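To keep things clear, I will list the structure first and then write my remarks on it.
Predicted, not measured: the structure shown is a model, and the values here were computed from it.
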Amino acid sequence: MTELRIEGTHSRAKGLLSRVNLGQYIIYLAFAVTFILFAVALDDRGFLTSGNLMNILRQSAIVGVIAVGMTFVIADAEIDLSVGSVAGLVSVVTAMAISHWGILAGIVAGLMVGMLIGLVNGSLVAFVKIPSFLVTLAMMGIAFGLAQWVTDSAPQPILKQGYNMAFGSGDIGPVPGLVIWFLIIAGCGAFVLKKTRFGRHVISVGANPTASIYTGISVVRTKFLVMLISSVVAALGGMLYAGRLQSGRYQWGQGDEMNAIAAVILGGTALAGGRGSVLGTVFGALFMGLINNGLILAGLSSPQQQVVRGIIIILAVALGSKK
């Protein structure tokens, strides 16, 4: 009888664990543990000072914005490798348009470039059925090359302080403007993904596109829209780079596609699609910013930092594949 009770308790515990996906909470535990370790090991180097903590938020914000758009793409079982290059191209276009026609023209031009690239990516993926990996890999090279070509590799300064203050350089009280942008985009993304019909369609198509068709969901439309959203959000990231660094440059955003993908997968979005969490993505981006900041304070060289970040990305992809 005792053995039966023990076996029953064990079965109920296994049932409870099967209903609670512990993998979804790994990022929160990893963030807390890493933060504590850095706080103890780097206390004498100013890790816990308010200035450094604000630096972590600033360093995480733009990649976090881009990662919110990436969450929709990966939850839909697609990928977007062009977001970093799109951000760089948009920073250049925005800066050049501001210098010639003013702030409003710069904002419109930047968003239009992101929308145009999203239309191309989305059309090729959704209608022509070319794998998103190949489409966005090609677009990554096109956007990067265009940004370098039109500027002749030279930075494009932004002298309009109104733009710079609104898009990255300014603060609202003690809170950096970049963080405000991050919170706004993350809040909108979380609402759309969890509370709207479109968000449910994204998850459904990512989980099972065939079943989604039979329930009346337009798989083509959904895939087109997630690619469009990703590019437009990446364009906003490029505009924030331009405002924060007060210039447009083709290098801005370089490598952000990998950081964004790592943030999304670490945050609990399934690499194979069918599950997504914008809140998890937020903590994934903060975790990447935390790691970067801690490595710098620890005195690691740039190559050593690249190695550690690469290991984190591999672990993130492995974790996503396992989920």
Side-chain angles (χ1 to χ4, degrees), residues 13-14 16-68 70-71 74-75 174-176 178-179 182-183 185-187 189-190 193-194 255-272 275-323:
K14 287 181 66 178
L16 179 61
L17 289 174
S18 66
R19 290 193 296 271
V20 178
N21 189 347
L22 296 179
Q24 296 182 23
Y25 304 100
I26 286 178
I27 184 58
Y28 309 111
L29 178 61
F31 181 85
V33 170
T34 304
F35 185 89
I36 292 171
L37 288 175
F38 280 161
V40 173
L42 303 174
D43 181 54
D44 60 336
R45 304 188 187 186
F47 176 79
L48 288 177
T49 61
S50 59
N52 186 62
L53 295 179
M54 283 299 176
N55 280 336
I56 294 174
L57 292 176
R58 287 190 185 94
Q59 292 164 4
S60 306
I62 299 180
V63 171
V65 167
I66 295 172
V68 170
M70 186 73 76
T71 303
I74 293 180
V175 183
L178 281 174
V179 177
F182 185 19
L183 292 176
I185 298 302
L193 190 62
K194 293 297 183 183
D256 279 358
E257 60 280 346
M258 292 295 103
N259 289 329
I261 291 170
V264 171
I265 297 173
L266 284 169
T269 298
L271 185 61
R275 185 176 67 249
S277 170
V278 173
L279 178 61
T281 294
V282 169
F283 273 87
L286 290 174
F287 179 73
M288 296 297 292
L290 179 69
I291 292 293
N292 289 338
N293 181 266
L295 295 179
I296 292 171
L297 290 181
L300 270 69
S301 65
S302 180
Q304 291 171 330
Q305 294 174 37
Q306 292 284 359
V307 170
V308 174
R309 282 193 291 267
I311 292 172
I312 291 171
I313 291 172
I314 291 173
L315 291 176
V317 173
L319 180 63
S321 301
K322 185 177 180 181
K323 291 176 184 178

*asked:* The criterion is side-chain contact (heavy atoms from CB on, under 4.5 Å); which residues satisfy it with Val307, sequence neighbours excluded?
replied: Ile311
*Applying side chain to side chain contact (heavy atoms under 4.5 Å, CB included) between Ile185 and each of Val282, Val65, Val278, report the one that passes.*
Val65
Side-chain donor/acceptor pairs under 3.5 Å, residues 289-301, sequence neighbours excluded:
from: Asn292; atom 1: OD1; to: Arg309; atom 2: NH1; distance (Å): 2.9
from: Asn292; atom 1: ND2; to: Met288; atom 2: O; distance (Å): 3.3
from: Asn293; atom 1: OD1; to: Asn52; atom 2: ND2; distance (Å): 3.0
from: Asn293; atom 1: ND2; to: Asn52; atom 2: OD1; distance (Å): 2.9
from: Ser301; atom 1: OG; to: Gln304; atom 2: N; distance (Å): 3.4
from: Ser301; atom 1: OG; to: Gln304; atom 2: OE1; distance (Å): 3.2

*How many angstroms lie between CE in Met54 and OG1 in Thr49, if you round to the nearest 0.5 Å?*
11.0 Å
*Partners meeting side chain to side chain donor-acceptor pair (under 3.5 Å) with Asn259 (sequence neighbours left out)*: none
_Using 0.5 Å steps for rounding, measure from the CZ atom of Phe31 to the CD1 atom of Ile36._
10.5 Å
*So which heavy atom on Ala285 is nearest to which on Ala263, and how close?*
N-CB, 3.5 Å
*Any pair with a residue in residues 276-286 that passes side-chain hydrogen bond (donor to acceptor under 3.5 Å, both in side chains), sequence neighbours left out, goes on the list, sorted by first then second residue, please.*
Thr71-Thr281
*Is there a side-chain contact (heavy atoms from CB on, under 4.5 Å) between Leu286 and Leu57 once you walk through the steps?*
CA-CA 7 Å; Leu286 290 174; Leu57 292 176; 3.8 Å; yes
*Scan for side-chain hydrogen bond (donor to acceptor under 3.5 Å, both in side chains) pairs involving residues 37-47, sequence neighbours excluded, and state none if there are none.*
none
_Sequence-distant partners of Phe47, ring pair (Phe, Tyr, Trp, His ring centres under 6.0 Å), two or more places apart_ = Phe35, Phe38
*Who passes side-chain contact (heavy atoms from CB on, under 4.5 Å) against Ala260, sequence neighbours left out?*
Ile66, Ala67, Met70
*Which value, rounded to the nearest 0.5 Å, describes the distance between Ile27 atom CD1 and Phe287 atom CZ?*
5.5 Å
